[in-house]
Amino acid sequence: MAVWAGDPVWIDVRSAGEFSGGHIEGAHNIPHNEIVAGVKALKLDKDAEVLLYCRSGRRATFALEQLQQQGYTNVKNIGGFEDAQRYGGPL
């Protein structure tokens, strides 16, 4: 099932262990070094709103750059997990 532009998609780019310790409800766990393959597997529209977060924002920056190189146009680095919580992500 594809996700279209109006549906924001939360992606936690931390490791599976970090993800299991707490994450935004409904977020997909795709480690930063697997981001391109993982997002392709989700069959996201290239214009879908994609919200990335990790622990500090560094891995999310890497993931954002990789996705932009693949033509994704609406990707945002929210920063760390705590930033994502403040941004309004469900817990």
Side-chain angles (χ1 to χ4, degrees):
M1 178 177 187
V3 177
W4 306 105
D7 303 322
V9 177
W10 285 91
I11 300 178
D12 184 325
V13 300
R14 300 177 298 165
S15 70
E18 290 171 298
F19 184 79
S20 68
H23 57 271
I24 298 297
E25 182 182 323
H28 299 274
N29 181 219
I30 304 173
H32 73 286
N33 57 345
E34 301 171 12
I35 192 67
V36 172
V39 168
K40 284 183 180 180
L42 293 177
K43 298 182 175 152
L44 298 179
D45 184 84
K46 295 269 182 156
D47 296 322
E49 183 178 13
V50 177
L51 306 176
L52 305 170
Y53 71 93
C54 58
R55 182 177 56 81
S56 68
R58 189 173 63 90
R59 289 175 281 182
T61 296
F62 171 83
L64 179 138
E65 291 168 354
Q66 295 297 307
L67 291 174
Q68 287 177 332
Q69 289 175 9
Q70 296 297 313
Y72 291 88
T73 62
N74 195 10
V75 182
K76 297 179 180 112
N77 177 354
I78 303 304
F81 178 53
E82 291 178 2
D83 298 318
Q85 291 172 318
R86 284 192 295 272
Y87 187 83
L91 301 177

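All of these numbers come straight from a predicted model, not from anything done at the bench.
When the salt bridge (Lys or Arg N to Asp or Glu O under 4.0 Å) test is applied to K40, no partner is found at least two apart in sequence or on another chain.
Taking CG of N74 as the start and NZ of K76 as the end, the distance is 4.5 Å to the nearest 0.5 Å. Residue Y72 holds its OH atom at 13.0 Å from CG of L64, rounded to the nearest 0.5 Å. Here CD of Q85 is found 11.5 Å from NE2 of H23. Values are rounded to the nearest 0.5 Å.
Looking at F81 and R14, their side chains come closer than 4.5 Å, going by heavy atoms from C-beta outward. Looking at I35 and I11, their side chains come closer than 4.5 Å, going by heavy atoms from C-beta outward.
Paired with V50 under the rule side-chain contact (heavy atoms from CB on, under 4.5 Å), one option of V75, D45, N77 passes, and it is V75.
Closest approach of A84 to I78, counting heavy atoms only: CA-CG2, 3.5 Å. Residues A63 and V13 approach most closely at CB-CG1, 3.9 Å, considering heavy atoms. Annotation for R59 and C54: closest pair N-SG, 3.6 Å, computed over non-hydrogen atoms.
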Test side-chain contact (heavy atoms from CB on, under 4.5 Å) on L51 and I24 and set out the steps. CA-CA 11 Å; L51 306 176; I24 298 297; over 6 Å; no

Let's go through H32 and R58 carefully: what are the C-alpha distance in whole Å and the side-chain angles of both, what is the deciding distance for side-chain contact (heavy atoms from CB on, under 4.5 Å) to 0.1 Å, and is it a yes or a no? CA-CA 10 Å; H32 73 286; R58 189 173 63 90; over 6 Å; no

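The closest donor-acceptor contact from the side chain of N29 to the backbone of D12 lies under 3.5 Å. Checked by atom type and distance alone, the side chain of E34 never pairs as donor or acceptor with a backbone atom of P31 at under 3.5 Å. With D83 contributing its side chain and Y53 its backbone, the two residues share no donor-acceptor pair below 3.5 Å.
By the neighbour-count criterion of 12 heavy atoms within 6.0 Å, atom CD of Q68 is densely surrounded, having more than that number from other residues, nucleotides or ligands.
Hydrophobic clustering of Ile, Leu, Val, Met, Phe, Trp and Tyr side chains at less than 4.5 Å, counting indirect connections, unites L42 with L52.
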